[in-house]
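The structure appears right after this line, and notes come after that.
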Amino acid sequence: MRVQSSATTPTTIAVDTPPARATGTLLAALGVVAFSLTFPATAWGLEGFGPWSLVGTRSVLAALIAGACLLALRVPVPDRRHWVGLAIVAAGVVVGFPLLTTLALQTSTTSHAAVVVGLLPLTTALCSALRMGTRPSRTFWTAALAGAAAVLAFTVQQSGGTLTSADLYLCGALLVCAAGYTEGGRLAKVIPGWQVIGWALVLCLPFTVPAAVLALAYEPVDLTAHSVIGLLWVAAGSQFLGLVVWYRGMAVIGIPKASQLQLAQPLLTLVWSVLLLGEHLTVAAPLTAAAVLVCIAVTQRARG
């Protein structure tokens, strides 16, 4: 592979036309659907893998898929000025978020974890404002805060009013993932989104390969249909394909608006939790769903 010349002029993605906005919204929404399956797939994976071996193996498999695509298409190595941003994406999205959420799911149900991570849109919008100087409108922030409040109220009600160690893991996951999303969305304006996550995954290989080998040597492995399917989904679907369309969508419609689509992610995960894991929902779930969907509609119409 050759290093991309710094003289290369990046192509700016048009964001002001209705077709472009519709395409960007669709791509971001597909990413949300892919992400909504992550927790149930992780729960399946934990049936046959330990938390460290699951995270290490999923990262290595996703990096192999990404690396094969980069090699096949002879994609040049990004310019050095983008390496710091890629490292932030790698630390937040490739390593931090999968590890912290997997540790949380050892003691938390997927439905509980899903509603806590429902705060990710607001966290991402805040990171975007700090990192990129974006200034959404007051209407946007009011709706975003309302959606976050609905998710937080649901979380507190489910946990009996106290925070657990799993909640602390999930809060840490929110922070690192928001940073990774923000930096990835910024890079996706000058580098195709699939290349952003592709290079971030490849960048982690010197760390994830030995970590996976070491974890697999010390944690017991029981290959079942659920554990294999769960591993394959979190590697190919959540870790690569979902992030490809997600970063592309963020580049088109902007980080704050794309992040608000994720308000629907915990509700989708609740559905998958019932269908795939047999978990039971409380009456609060549909009420939260209605409140969150209203907030999504408002944020998508609000202009910065």
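A quick note: this is a predicted structure, and the numbers were derived from the prediction, not measured.
Considering only residues two or more places apart in sequence or on other chains, Val271 meets the side-chain contact (heavy atoms from CB on, under 4.5 Å) condition with Leu275. Phe39 meets the ring-ring contact (aromatic ring centres under 6.0 Å, His included) test with no other residue; sequence neighbours excluded.
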Ignoring hydrogens and angles, write down the donor-acceptor pairs under 3.5 Å from the side chains of residues 93-103, residues two or more places apart or on other chains.
{"from": "Thr101", "atom 1": "OG1", "to": "Phe97", "atom 2": "O", "distance (Å)": "2.7"}
{"from": "Thr101", "atom 1": "OG1", "to": "Pro98", "atom 2": "O", "distance (Å)": "3.2"}
{"from": "Thr102", "atom 1": "OG1", "to": "Pro98", "atom 2": "O", "distance (Å)": "2.6"}

Contacts table for residues 27-37: side-chain donor-acceptor under 3.5 angstrom, sequence neighbours left out:
{"from": "Ser36", "atom 1": "OG", "to": "Val33", "atom 2": "O", "distance (Å)": "2.6"}
{"from": "Ser36", "atom 1": "OG", "to": "Trp272", "atom 2": "NE1", "distance (Å)": "2.9"}

May I have the list of side-chain donor-acceptor pairs in residues 42-52 shorter than 3.5 Å, sequence neighbours left out?
{"from": "Thr42", "atom 1": "OG1", "to": "Thr38", "atom 2": "O", "distance (Å)": "2.8"}
{"from": "Glu47", "atom 1": "OE1", "to": "His226", "atom 2": "ND1", "distance (Å)": "3.3"}

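The two residues Ser108 and Ala166 make their nearest non-hydrogen contact at CB-CB, 3.7 Å. For the pair Asp222 and Ser227, the tightest heavy-atom approach, listed with the atom from each and the gap, is O-OG, 3.3 Å.
At a cut-off of 3.5 Å, with distance as the only test, no side-chain donor of Ser137 or Thr139 sits close to an acceptor on the other residue.
For the ring pair (Phe, Tyr, Trp, His ring centres under 6.0 Å) condition, the pairs that include at least one residue of residues 172-194, sequence neighbours left out, are Tyr181-Trp246.
In terms of modelled atom types and a separation under 3.5 Å, the side chain of Thr269 and the main chain of Gln265 share a donor-acceptor contact. The backbone N or O of Ile88 lies less than 3.5 Å from no partner atom in the side chain of Glu183, so there is not a single donor-acceptor pair.
Taken together through direct or relayed side-chain contacts under 4.5 Å among Ile, Leu, Val, Met, Phe, Trp and Tyr, Leu61 and Leu214 form parts of separate hydrophobic clusters.
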